[in-house]
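First comes the structure, then the notes that go with it.
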Amino acid sequence: MKVVIIGGVAGGATAAARLRRLDEQAEIVVFERSGYVSYANCGLPYYIGGVIEDRSALTLQTPESFFARFRIDIRVRHEVTAIHPEKKTVLVKRLETGEVFEERYDKLILSPGAKPTQPRLPGTGLDKVFTLRTVEDTFRIKDYILQHRPKSAVLAGGGFIGLELAENLRELGLDVTIVQRPKQLMNPFDPDMAAFIHSEVRRNGIKLALGRTVEGFVQRDGGIDVLLKDEAPLRADMVVLAIGVTPDTALAKGAGLELGIKGSIVVNDRMETSIPDIYAVGDAVQVKHYVTGADAVISLAGPANKQGRIAADNICGGDSRYPGSQGSSVIKVFNLTAASTGINETNAKKAGLEADAVVLSPMGHAGYYPGGKLMTMKVVFEKGTCRLLGAQIVGYEGVDKRIDVLATAIHAGLTAAQLKDLDLAYAPPYSSAKDPVNMAGFMVENLANGVVKQFRTEDVDTLPRDGSVTLLDVRTPREYAGGHIEGFRLIPVDELRERLGELEPGKPVYVICQSGLRSYIACRILAGYGFETHNFSGGFRFYDAVTHDRSLIESATACGMDQ
């Protein structure tokens, strides 16, 4: 059996290695048009920033090391230009010599990946406008910085690559601005959770130009102008386009393979395409979202590796199935860690789901153990069923641990309320006896059982201020003096029982504290005396962060750059 693989990196290289482990006699040929067959794509921004110092550290495998261990024929700088399914051949161009030849296959795996989305804008081909996707792109940017010592950069796009590169350029001392059309960074997060990412980015000196549309680039006086719709241009020494990626499927289209959303390759759960004996994996394929079941394109290394293994299994006579992608991810944002899994509340509602969420601010480990820091956790679930839909966490230590627990819970089909039952490891340096994941489960169970009702940030402005309801802040006088929501009166929770006479019976009470815990206790006290109560989800800390971020974005949209 002869297997030809088009493209290396995560999906193709994994498939090649798995094929060899399953079939020692198979002839395996990998064509990769770049000079690197297996490299740490996610590490590229960190090489530019100097965190990774050695170029060779980015290369996970070389053609020589692949052959030595697996006896796989890896041909870099070879571009497949056409697929002929009727003949079971591919047309290949050797880029160094221009030679063109045909290669036969019995089974074919496509792992072409995705390419940086290139908007059709004036100036995208200028030598000061870069993209970042391959090792060659990385070296080009790094060499430009070393040779020209730019003092400023504009990044078009605020996703994973854009944010990681912004941090690394800022660490090099560049003045960095991120510009993009959406009014938030990191679309896997809801806008309220993205507020914490925005705050950390601003705190480290990065300017945000959110809600702006880039219309082109003009090179002038040794620098480059980024042209914005209806606004003055942004001036910089270099520009990096990081507005997303597009499945690289020209070959598949030419071969007559069925294509799906965003031009991606349609595959079944065995990674088989619409043409027999042709498989496809990685960033170029359309998959099912594990939570919604909807078609999706999810460009992450973890799914690509799993898909490569599944394709190899099935080529070798197995019956492996890909259950879908959850989109679990984590990113370092200066001193913060931000992570998500499943779908966010925004997308859940767009998908027609009746979604709700709880927001909590637990410590990363036991509060009495030194060094603990707060994290902000949002767990999204379906009303009625309590089906766990997704989660987002922004904080410091322990964020990655909790998001992995929640990702596992989603995959296992647990409800959000069942999170309370998970038996998770505890020691003071690592967690609390009630782990944050357990706490989220307690909160959802309380909502589901009617023990408490909640109100959210978006509800605050619509609360009546005519005296028909009681708006109550149960923090300390010092906390209240440091900032509070207009219309909320102060009665500290520990004085509440003695001051019940100040509250008018029969009126619903909307209660807030700093994090949501004291207000929950206040709600239970008041409920014991016959009051209808509503607890604010996330507390004043969350409300203040979200509303402050929104005001910065809106004022910047109206008046100029977000500082």
Side-chain angles (χ1 to χ4, degrees), residues 6-15 32-34 36 38-46 58 60 109-119 131-135 137-138 155-165 180 182 185-189 240-253 259-267 271 273 279-292 294-311 322-332 338-344 347 390 403 407:
I6 301 174
V9 197
T14 296
E32 168 59 47
R33 65 185 166 201
S34 77
Y36 302 86
S38 181
Y39 57 88
N41 193 295
C42 299
L44 302 183
Y46 298 99
L58 296 172
L60 304 178
I109 300 177
L110 304 182
S111 180
K115 56 189 177 183
T117 302
Q118 286 273 23
T131 58
L132 178 57
R133 183 67 179 173
T134 66
V135 174
D137 293 337
T138 307
L155 307 186
F160 289 97
I161 291 295
L163 199 49
E164 289 170 342
L165 183 57
Q180 67 169 19
L185 304 176
M186 297 297 296
N187 284 332
F189 293 79
V240 181
L241 297 178
I243 59 177
V245 293
T246 302
D248 191 355
T249 55
L251 271 178
K253 182 178 181 180
L259 302 182
I261 57 176
K262 299 181 181 178
S264 58
I265 304 170
V266 172
V267 293
M271 309 314 297
T273 70
Y279 297 74
V281 302
D283 293 355
V285 305
Q286 174 179 291
V287 297
K288 296 293 183 184
H289 196 288
Y290 189 80
V291 175
T292 65
D295 293 332
V297 176
I298 297 178
S299 299
L300 292 168
N305 276 282
K306 295 180 184 70
Q307 293 160 11
R309 178 186 175 94
I310 288 167
Y322 187 65
S325 294
Q326 250 176 249
S328 301
S329 63
V330 64
I331 184 173
K332 174 184 175 294
S340 68
T341 187
I343 56 173
N344 60 31
N347 289 332
I403 207 69

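Rounding to the nearest 0.5 angstrom, the gap separating the CD1 atom in I331 from the CD1 atom in I161 is 8.5 Å. For the atom pair CD1 (I310) and CG (N305), the distance works out to 11.0 Å, reported to the nearest 0.5 Å. Note that CG of L110 and OG1 of T249 are 10.0 Å apart. Values are rounded to the nearest 0.5 Å. Rounded to the nearest 0.5 angstrom, T134 OG1 and R33 CZ are separated by 9.5 Å. Rounded to the nearest 0.5 angstrom, T273 OG1 and I109 CD1 are separated by 11.0 Å. Remark: S111 OG to I6 CD1 distance equals 9.5 Å, nearest 0.5 Å.
More than 12 heavy atoms of other residues, nucleotides or ligands shown are found within 6.0 angstrom of CZ on R133.
Without hydrogens or angle criteria, Q307 side chain to G282 main chain gives a donor-acceptor distance under 3.5 Å. The backbone N or O of D283 lies less than 3.5 Å from no partner atom in the side chain of D248, so there is not a single donor-acceptor pair. Distance alone, capped at 3.5 Å, is enough to place a donor-acceptor pair between the Q180 side chain and the G158 backbone.
Looking at residues two or more places apart in sequence or on another chain, you find no salt bridge (Lys or Arg N to Asp or Glu O under 4.0 Å) involving K253. For the salt bridge (Lys or Arg N to Asp or Glu O under 4.0 Å) test, residues two or more places apart in sequence or in another chain that qualify with K288 are D295.
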Atom pairs and distances, donor-acceptor, side-chain atoms in residues 322-329, under 3.5 Å, two or more places apart:
| residue | atom | partner | partner atom | Å |
| --- | --- | --- | --- | --- |
| Y322 | OH | S325 | OG | 2.4 |
| Q326 | NE2 | T341 | OG1 | 3.1 |
| Q326 | NE2 | A407 | O | 3.2 |
| S328 | OG | T341 | OG1 | 2.7 |
| S329 | OG | S340 | OG | 3.3 |

